Amino acid sequence: MRGKYFINTYGCQMNVHESEKLAGILREHGYTEANTLEECDIVVFNTCCVRETAEYRVLGNLGIVKKLKESKPDLKVAVCGCMAQKPGAEQALKKRCPFINIIFGTHNLHKFGDYLDLLDSKKYIGEVWDSEGEVVENVPVYRTSGVNAWVNIMYGCNNFCSYCIVPYVRGRERSRNESVILDDVKRLIGEGYKEITLLGQNVNSYGNDLADKEVNFANLLDKIANLDGKFKVRFMTSHPKDLSEDVVKVISSSEKLADYIHLPIQAGSDRILALMNRRYTKKDYLNKIDMIRKYIPGVGLSSDIMVGFPTETEEDFLETVDVVKRVGYNNLFTFIYSRRSGTPADKMEQVDIKIKKDRISRLIDLQFEIGNEEATKCVGKTYEVLCDEWKNGKAKGKSSCEKAISFASADDIVGKFVPVKITATKNNQLKGELVK
Ligand code: SF4
């Protein structure tokens, strides 16, 4: 055994899954997982730079590691992910934290094993590739996500929303080969995973960069839905301009594809959407919601909303409020706009932080109210629930339409699909009982 590892993951599901790959590589190199930072021999920071706060957290935690290294000088420190990929970040990180041993970017994550091999002979290894290159397959994965398995279907993004740094640190869209994805999903179902979540920055663009024009997201979903076994498929994230009627029709036609779509609108004002370079209007978005509901009645919907985008006025914000009221989301992920240098929005006129905070708290209150109303409508209904947690007779899981439900069960039923009738709701939480 070479020692113990501890991985600090920041940011989105893409990063959570990439940490599973980092863990896979570490285990292949003889490391085992540490329970705490204090007992590890190598700590890996898999970073995010989408919001400033994520970067501050990384720097704060690197400060803690610096202290730990004083009492444990052999501790090795690796930093990777989006923050490391930013132009000039490697030099800046190295200058600020000279105790870091390895820095690498998102495009060369698969080389982590090579850097581990060099660790004994080199004090510092820094390599950040400028461009994305080909999709690399067969990176080992150590999965820790219970009944769910993440599967990348593509990497990168071509959209260049004016506030977002992702295309700069993750590169252009690259789709994985369809047969490789199908083999992965088949194998994971065979291993007992009951939920597969397909990952991509914009899954609806899947296949656009491939030579075979028959390969697209709707066809991929259809092929996965035709695999044998009892399982659910989810995906994230969808761009509203690209989510097609074909995709929605395929979802409606199969029990295996979850009745749930995360469709980030970001803002309700057409003026702000244009400044964001989102390439749809409020009307386009609401039409898409109507189309989804036509094919999938009872669909669960969620969204990302950013408040305080540069120049956002009260009138603009009220357009967002109007969308939230009209759609009635299951769930809303709300954010305050955060400046990212190098993006066009960073150069626009900024909104005062007090106004941003006021708007986000009004939005959270509104969604809490709507969430409660939506939850109350569920009482008396029975849902098929995939149980993903069980402890001392208390079980938790979620329905196909992504409603989180807790219920009592004498037996450990993690990984099982069970019927649960909703009996009560409190603060957006659904409680139910097993239907015998
Ligand atoms: S679609 Fe827009 S917000 Fe999403 S990753 Fe691409 S550029 Fe960023």
Side-chain angles (χ1 to χ4, degrees), residues 10-18 46-55 81-83 85-87 105-107 109 131-132 135 150 152-176 197-209 216-217 234-244 247 261-282 284-285 288 301-310 312 320 323 332-348:
Y10 304 80
C12 63
Q13 261 76 21
M14 194 73 84
N15 257 17
V16 174
H17 181 42
E18 286 189 348
N46 187 11
T47 63
C48 168
C49 62
V50 167
R51 271 172 272 282
E52 224 167 26
T53 43
E55 291 199 56
C82 292
M83 192 173 157
Q85 185 65 46
K86 285 200 308 182
T106 55
H107 302 321
L109 178 147
S131 60
E132 48 270 31
V135 171
W150 311 103
N152 283 113
I153 62 166
M154 61 187 300
Y155 302 92
C157 182
N158 291 357
N159 281 311
F160 290 92
C161 299
S162 66
Y163 52 84
C164 182
I165 201 154
V166 166
Y168 305 94
V169 291
R170 292 269 171 188
R172 298 299 86 75
E173 289 170 359
R174 284 102 64 214
S175 301
R176 289 180 73 204
T197 304
L198 308 175
L199 289 178
Q201 305 293 350
N202 180 15
V203 288
N204 300 286
S205 301
Y206 172 71
N208 287 356
D209 57 315
N216 60 44
F217 189 49
R234 298 178 187 275
F235 55 84
M236 65 194 322
T237 295
S238 282
H239 194 298
K241 77 175 164 53
D242 296 322
L243 177 73
S244 70
V247 166
I261 298 179
H262 179 68
L263 200 61
I265 185 168
Q266 303 297 2
S269 148
D270 289 345
R271 190 183 71 82
I272 295 294
L273 286 170
L275 283 177
M276 286 177 164
N277 192 30
R278 293 289 287 175
R279 286 173 280 166
Y280 53 83
T281 62
K282 175 182 171 186
D284 297 336
Y285 183 89
K288 211 146 261 194
L301 293 165
S302 63
S303 193
D304 294 339
I305 289 187
M306 183 184 290
V307 299
F309 185 81
E312 185 190 67
T320 303
V323 172
L332 207 53
F333 301 91
T334 50
F335 308 94
I336 284 181
Y337 165 77
S338 161
R339 296 179 83 156
R340 297 286 68 198
S341 64
T343 60
D346 185 43
K347 298 183 188 75
M348 299 178 193

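As the structure lists them, so they are numbered: ligands from 1, and atoms in each ligand from 1. Residues: numbered from 1 along the sequence shown. Everything numeric here is computed off the predicted structure, so don't read it as measured data.
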With a 4.5 Å limit on heavy-atom distance, are the side chains of Phe335 and Arg51 in contact? yes

Indicate whether any N or O donor in one side chain lies under 3.5 Å from an N or O acceptor in the other, for Asn277 and Ser162. no

Is there side-chain contact between Asn159 and Arg279, with heavy atoms separated by less than 4.5 Å? yes

Under 3.5 Å, which donor-acceptor pairs do the side chains of residues 264-274 form with other protein atoms, sequence neighbours left out?
residue : atom : partner : partner atom : Å
Gln266  : NE2  : Tyr163  : OH           : 3.4
Ser269  : OG   : Arg271  : N            : 3.3
Ser269  : OG   : Ile272  : N            : 3.1
Ser269  : OG   : Asp316  : OD1          : 2.8
Asp270  : OD1  : Lys282  : N            : 2.7
Arg271  : NH1  : Thr311  : OG1          : 3.2
Arg271  : NH2  : Thr311  : O            : 2.7
Arg271  : NH2  : Thr311  : OG1          : 3.2
Arg271  : NH2  : Asp316  : OD2          : 2.7

For a quick test of reading the model, state the closest non-hydrogen atom pair linking Glu52 to Ser338 and the distance between them. N-OG, 3.1 Å

Measuring to protein heavy atoms, does anything land under 4.0 Å from atom 4 (Fe) of ligand 1? no

Near atom 6 (Fe) of ligand 1 (under 2.8 Å) - protein N, O or S atoms: Cys157 SG

Side-chain heavy-atom pair Val307, Thr320 within 4.5 angstrom cut-off: no

May I ask you to list the atoms of ligand 1 that are less than 4.0 angstrom from any heavy atom of Arg278? 2 (Fe), 3 (S)

Do Leu263 and Ser303 come within less than 4.5 Å of each other through their side chains, counting heavy atoms only? no

